[in-house]
Amino acid sequence: MLTDACNHAPHDTSPPSGNAMTHDFDHDPPHRNRGDDASRQVDLFDKSPPPWELVAAEETAIARVVFSQSPHGPYDYAIPDAIRSHIQPGSRVRVPLGRRRGGTMGWCIHVDMAGKSRHKLREISELLDEEPLCDPALVRLVLWIAHYYQAPAGQVFDTLIPSSVRSSAGTKQKTYFRADPKDLTEEIVAGLSPKQQAVARMLLAANAPMTAAQISIQVGCTEDPIRRLHKKGLLSSERRREQNSGMTTRWQINDGEAEKTHHLTDSQSDALKQINQAVESEKTKVMLLHGVTGSGKTEVYIRAIEHLVKFGRGAIVLVPEISLTPQTRGRFERRFDSVAVLHSQMTPAERHFQWQRIRSGEVQVVIGPRSAVFAPLPKLGLIIIDEEHDGSFKQDTQPRYHARKVAIARANSLGIPVLLGSATPSLESWHATRTGHAERLSLPDRVRDRAMPDVQLVDMRIKDDRTVGAISRPLHQAVQETIHENGQCILLLNRRGFATTIQCPSCGHVVACPDCDMPLTHHRDGGKAMCHYCDFCIATPPWCPACRFDGIRYGGLGTQKLEVEVKARFPNANVARMDSDTMRRPGSHQKVLSAFRSGKIDILLGTQMIAKGLDFPNVLLVGVINADSALHFPDFRAAERTFQLVTQVAGRTGRGDRGGRVIVQTYSPEHPAIQAASRHDYIGFAEDELVNRKKYNYPPWGSVARIIIRGTEEETTERIAEELVGRIEATRDLLKHEIRILGPAPPPIARLRGKFRFHALLQCPESGPLGETIRRACQDFRIPEKDDVQYVVDIDPMDML
DNA sequence: AGCACGCCGACT
DNA sequence: GTCGGCGTGCTC
């Protein structure tokens, strides 16, 4: 499902100093020892008040504060003496703002103990946390993200610090009572009421602070006598924040079951040596571990972390959203004493608990999806991004950051290395190794001398190879043989649902989503017609809604329909389907995978979630039902995605002693991406594709930004889109920057959730001028509320939909 | 995002 | 004359 979180406004809390970023891998901001950037740079845009308003500048302690809701600031506040020694960048504060009652929560981004201000400043009303939730390095990272991705800094703070941490989920403020023998002499105790005496005696005997609840149970009274004693000043109290008793979190403790450590191959040892050197050098360095599927990248990660743990350092391992298999998790948990696994299904209390564990420094390894790049390890020594090419590392809501880029920025500010791993690196990372921004480490062979699987292309245009349905004759035969040999099959089809179009054969009407204009997908379970771009869902109409014709036709192929076909073709095989429909319940993922591992399932079919990371030695056949599905997207990354998908799913076979083979069905067998994938030729593909991208100055050669404008009224939306793009043109000409502007035009998804959409693509050889131009153009661009139009800026977009 | 200001039309 | 629509601007 696509989301389109809007309401962009230009925000520049702190432009980084120094050189503009040119490419993904330029180590520029946020650099160490540049603490004063914020105040100095913001002045550039300060509209100075007219001279008669100038008040004599006096020295005061000033805090610069940003907000996660509008207005985002930054605003300056006077720091009251009481909190002067505690407030730091990263502290949360409550401040007065406008006429709002109760004040507003904000984040302090800068403090100046001897600042001067032209305005009369209001005072901070309260410091909300004893210890800042964000250390200075993370504050620098926030400001860098806010600048680069053009998001309000306050909103970036909210992304960095989980809401469960901000609200202290799973903890409670408890009051503890203590009895002091000096106050409660025998004499005084004797004069109390019987219940109060009992309470006093018990507490004196216990000689430890207890909560009212504990005391009342122990003594067998209500809480009233305790309160009375406290009121008389005979009991002292203290308040503490504590973990709730209801916490269900258990984390795996190393049970001593040693994982068999394999001997490293020569190339694994070489790579490890380089990584260890980089870690010890305490310098920033980006390394790309390019290892074919099954070459043992995870083992290299583990060894590298084992090494840095010896120095008391910790590591972050980022993994794609859905590929955090219990397998991977288990491997790390067996090899390290203290692992924190972050995942999307955690409860708020659990998340908060893990965050505190990580911050306390007891955690050696953090494993998680893109947001784990913000994990607050106090002694971070290495950031690893596994499957670094994966699209889920880019967030598709504001702030639209890419975890790879953020990881490099964070590593840069700490002076630590970043390790990117993939069998099919993103062209950005590949290009970085060619320009010296990253070092390439190769694992060219699979472990234990296993060969890469043979890949056979089946040309679906040739009628002879195509029987009725989605499965060609060669693939049918291969599945049959595999099952006969007691092997297992994986079939990939990158579309869920049953039928991708519902069309009337009489009048040609296609049932479409009223909010998005996209054809609805028929889901057979429950007979629903669903929009895959929004939540729209209706019962599949039995007649044509346009002409009442009784005989509507289901066209196109989804995983549900494939499942039906596979079951019909191979009635004796056990078939399981894996897509986001069958994997809705937590744990279902693991259930299917363990059934597959144990051999209870012969054929596993599904969407791309089966293409990643699975390691099952008995998979002898992988079938790709339609390799072209991603190829004809109106998107400069279409070829790259196709190559990645085919290569990754092909890598799921040939992992045991019995070898493996791959059958790829395609309507364009001559396409370079599909050809290269069939030869396992990443380098050939990458070099070829780099030439293509160069022709149009697409990434990694140049920088791209996309502006999406959406609104309820088509003409108004288009008018505002044109106005905005016009401003960008004017700003570009003013600044004399080399920027190509395409659009505004309707994107492939021209309507989404009932809103009309327009977009514009901006290209520039360097990201710095591009960002500057957009920032300047959007600076004072206001849209009247009545127009109901919003816009978002997407820096380094991953798709053009 | 709220909230005030101020400028116009419709009304007791 | 006053009430109230909403367009515009400000919040350190």
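Just so it is clear: chains get the letters A, B, ... in the order the sequence lines come, proteins before strands, and each one is counted from 1. Source: prediction; values computed, not measured.
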Visitor: Could you tell me how far apart A:Ile783 (CD1) and C:dC6 (P) are, to the nearest whole angstrom?
Guide: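 These atoms are roughly 19 Å apart.
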Visitor: A quick test of your reading: do over 12 heavy atoms of other residues, nucleotides or ligands sit less than 6.0 Å from CD of A:Gln173?
Guide: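 For A:Gln173, atom CD is crowded (more than 12 foreign heavy atoms under 6.0 Å).
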Visitor: Whole angstroms only, please: what is the CD1-C1' distance between A:Ile79 and C:dC12?
Guide: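 Spelled out: CD1 on A:Ile79 to C1' on C:dC12 is 13 Å.
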Visitor: Remember a base hit wins even if backbone is also touched, and classify A:Pro784 as base, sugar-phosphate or nothing at under 4.0 Å, heavy atoms.
Guide: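 Since no nucleic acid heavy atom lies under 4.0 Å of A:Pro784, the category is nothing.
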Visitor: What's the CD-C1' distance between A:Glu785 and C:dC6, to the nearest Å?
Guide: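 Computing the A:Glu785:CD to C:dC6:C1' distance gives 10 Å.
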Visitor: Atom CG of A:Asp787 and atom P of C:dG7: how far apart are they, to the nearest Å?
Guide: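 Result: 9 Å.
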Visitor: Residues in ring-ring contact (aromatic ring centres under 6.0 Å, His included) with A:Tyr75, at least two apart?
Guide: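 Here no residue qualifies.
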Visitor: For B:dA1, does the base pair up with any side-chain atom of A:Arg100 as donor and acceptor (N or O, under 3.5 Å, distance only)?
Guide: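 Flag set: donor-acceptor pair detected.
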Visitor: Would you kindly give the CZ-to-C1' distance between A:Phe67 and B:dA1, to the nearest whole Å?
Guide: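 One finds 12 Å between C1' of B:dA1 and CZ of A:Phe67, rounded.
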Visitor: Expressed in angstrom and rounded to an integer, what is the separation of A:Lys120 atom NZ from C:dC10 atom P?
Guide: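 Atom-to-atom, A:Lys120 to C:dC10, this comes out as 13 Å.
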Visitor: Given C:dC12, is OP1 or OP2 found less than 4.0 Å from the side-chain N or O atoms of A:Tyr77?
Guide: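 For A:Tyr77, the contact criterion (side-chain N or O under 4.0 Å from OP1 or OP2 of C:dC12) is met.
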Visitor: So if I take every side-chain heavy atom of A:Arg99 and compare against C:dC12, C:dT11, B:dC3, which nucleotide ends up nearest?
Guide: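 The listed nucleotide nearest to A:Arg99's side chain is B:dC3.
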Visitor: How long is the line joining CZ of A:Arg94 and P of C:dT11, in whole Å?
Guide: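 Atom-to-atom, A:Arg94 to C:dT11, this comes out as 21 Å.
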Visitor: Can you check the A:Arg782 CZ to C:dT8 P distance for me, whole Å?
Guide: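 It works out to 11 Å between those atoms.
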Visitor: Measure the spacing between CZ of A:Arg727 and CZ of A:Phe781 and express it to the nearest 0.5 Å.
Guide: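 Rounded to the nearest 0.5 Å, the CZ-CZ separation comes to 6.0 Å.
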Visitor: Between A:Asp788 and A:Lys755 (salt bridge meaning N to carboxylate O under 4.0 Å), is one present in this structure?
Guide: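 Looking at A:Lys755 together with A:Asp788, the answer is yes, because their closest N to O distance falls below 4.0 Å.
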Visitor: Side chain of A:Asp76 only, please: which of C:dG7, C:dC12, B:dA1 is the nearest?
Guide: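 Nearest nucleotide to the side chain: C:dC12.
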Visitor: Considering only NZ, NE, NH1 and NH2 on the basic side and carboxylate oxygens on the acidic side, decide whether A:Glu714 and A:Arg751 come within less than 4.0 Å.
Guide: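 A salt bridge is absent here (no side-chain N lies under 4.0 Å from a carboxylate O).
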Visitor: With the side chain of A:Leu121 defined as its heavy atoms from C-beta on, choose the nearest nucleotide among C:dC12, C:dT11, C:dG7.
Guide: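 It is C:dC12.
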